[in-house]
There are 2 protein chains.
Amino acid sequence: MQPVNCIRDCPEIFSAETNMTETFNPLKLENQLCFPLYVCAKEVIRRYKPFLDELDLTYTQYITMMALWEHRSLSIKGLGKILFLDSGTLTPVIKSLEKKGYVIRERSKDDERVVNVTLTEQGSSLYNEALQVPVKMSSCIELSAEEAGTLYSILHKLADNLTEEN
Amino acid sequence: MQPVNCIRDCPEIFSAETNMTETFNPLKLENQLCFPLYVCAKEVIRRYKPFLDELDLTYTQYITMMALWEHRSLSIKGLGKILFLDSGTLTPVIKSLEKKGYVIRERSKDDERVVNVTLTEQGSSLYNEALQVPVKMSSCIELSAEEAGTLYSILHKLADNLTEEN
DNA sequence: TTCTATTAGATTGTGTACAATTGAATTGTA
DNA sequence: TACAATTCAATTGTACACAATCTAATAGAA
């Protein structure tokens, strides 16, 4: 990726408020904030792939399992709120997890519209193998503890800002 | 998104080197670094959509046009290096841009394997309308100048680290 | 209570992403 | 110079991601 000279080279943030001096070009890739975000997300997920392949999970299936390891059972809607995914994405992901035997899907008796997704025994026990995934990933991301912490908190602030009140 | 308490709550970074005290759980979504990255990338791109719709561009087409506004003409391989995309993704994107009249595709005379993608007059002049996109986006991202700059440089460091050497 | 509005999830259609393969062109080497 | 290896782009197959639509179920209001 390109080097960066100064803080105002982030057009989504600065183009409106900064005085546009000589050569500053808000449509250059190197001046974007979203583009490296998009590249990093893709590349980190690509680094997950070999480790997730060992569990026969995709990244989307992995984060779905994480939500279920924490909550045991969730509706499609509940999963969507946690993962920021809609039913168009989740329905096939969950059917795939069901086929692998990690979850079961069943209509709620209280409200027939609701589909509850629940971990099976096999899905629960996958947790122990999955514990190796973050361990292995940690060696792929060469950021200092401070940088990682800073990145973490800025991303959470940004995510809150972008996803609030839809 | 969930609140964060302390810097070690980033398992991809910390799980290998940190002493695992009592309840720290590396497989919780709130303890991931990749998950908010993935969510932010998706959500920022979603915010682009209404502005890009006005230009009849998708985000992938938009970054492709950015590369071409800067370089005028590039091979598929050249575009792939800049955008971190492979031919399987780029071929349909470029055919779509060709259909809209923004680029032309032609085999290189020097090397018939190479396809050069070149801006048309119409593609070039789209630049002027596209200048409004970063202006409009700047009001969607509520980060301070300092946070944006910090995010920018950490993401570039991470991208360099993830994409170096193929 | 009946009719309307809302909600949950599934489906459809479009557009990425990427791994793996293919085929044509070029390069490197014996 | 042949011929094996490499390179470039296209194609194929799988898996998202989301907008828009659809259907069934539930809730709300007259």
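Protein chains get the first letters and strands the later ones, always in sequence-line order, with residue 1 at the start of each.
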Legend entry - B/T91 (side chain) and D/dA10 (base): donor-acceptor pair under 3.5 Å: no
Inset, instruction - Test for a donor-acceptor pair under 3.5 Å between the base of C/dA8 and the side chain of A/S87, counting only N and O atoms. - result: no
Legend entry - Short side-chain N/O contact to D/dC8 OP1/OP2 from B/R105, under 4.0 Å: no
Legend entry - Phosphate OP1/OP2 of C/dA8 contacted by A/R107 side-chain N/O (<4.0 Å): no
Inset, instruction - Answer with base, sugar-phosphate or nothing: what part of the nucleic acid does A/D86 contact at a heavy-atom distance below 4.0 Å? - result: base
Legend entry - Interatomic distance, A/E106 CD vs C/dA10 C1' [rounded to whole Å]: 18 Å
Inset, instruction - Taking only the side-chain nitrogens and oxygens of A/K95, find out if one of them lies under 4.0 Å from OP1 or OP2 of C/dT11. - result: yes
Legend entry - Nearest-nucleotide pick for A/V115, side chain only, options being D/dA9, C/dA10, D/dT11: C/dA10
Legend entry - 5′-ward residue of the pair B/T60/B/S108 relative to DNA chain C: B/T60
Legend entry - d(CG, B/L90; P, C/dT16) in whole Å: 10 Å
Inset, instruction - Whole angstrom is fine here: how far is it from CG in A/D53 over to C1' in C/dA20? - result: 14 Å
Legend entry - Along DNA chain C (nearest heavy atom to each residue), the more 5'-positioned of A/K42 and A/V114: A/V114
Inset, instruction - Please test B/E43 against B/R46 for salt bridge (Lys or Arg N to Asp or Glu O under 4.0 Å), starting from the C-alpha separation and ending with a verdict. - result: CA-CA 5 Å; B/E43 294 301 318; B/R46 223 156 66 88; 3.2 Å; yes
Legend entry - A/K109 NZ to D/dT26 P, straight-line distance once rounded to whole Å: 13 Å
Inset, instruction - Between A/S96 and B/N116, name the one whose nearest nucleotide on DNA chain D is closer to the 5' end. - result: B/N116
Legend entry - Cation-aromatic face contact A/K81/A/F84, 6.0 Å, 45 degrees: no
Inset, instruction - Evaluate the side-chain proximity of B/K136 to B/E54: yes if any heavy-atom separation is below 4.5 Å, no if none is. - result: yes
Inset, instruction - Establish, with yes or no, whether the OP1 or OP2 oxygen of C/dT16 is under 4.0 angstrom from a side-chain nitrogen or oxygen of B/Q61. - result: yes
Inset, instruction - May I ask you to verify if any side-chain N or O of A/T58 is less than 4.0 angstrom from the OP1 or OP2 atom of D/dC16? - result: yes
Legend entry - OP1 or OP2 of D/dA17 under 4.0 Å from side-chain N/O of B/Y38: yes
Legend entry - A/Y62 and its ring-ring contact (aromatic ring centres under 6.0 Å, His included) partner, picked from A/Y48, A/Y127, A/F51, A/Y102: A/Y48
Inset, instruction - Report whether A/L85 and A/V114 are members of the same hydrophobic cluster (ILVMFWY, side-chain heavy atoms less than 4.5 Å apart, transitive linking). - result: no
Inset, instruction - For B/R113 and D/dT7, give me the distance from atom CZ to atom P, rounded to whole Å. - result: 9 Å
Legend entry - Check: A/S73 and A/L68 side chains under 4.5 Å, non-hydrogen atoms: no
Legend entry - For atom NZ of A/K77 and atom P of C/dT7, their distance in whole Å: 8 Å
Inset, instruction - Please give the nucleotide sitting opposite C/dA5 as a Watson-Crick or G-U wobble pair, both distances under 3.5 Å, or none. - result: D/dT26
Inset, instruction - In whole angstrom, give the distance that lies between atom CG of A/L57 and atom C1' of D/dT14. - result: 15 Å
Inset, instruction - Measure from NZ on B/K81 to C1' on D/dT7 and round the result to the nearest Å. - result: 11 Å
Legend entry - First encountered from the 5' end of DNA chain D, between A/D111 and A/T89: A/T89
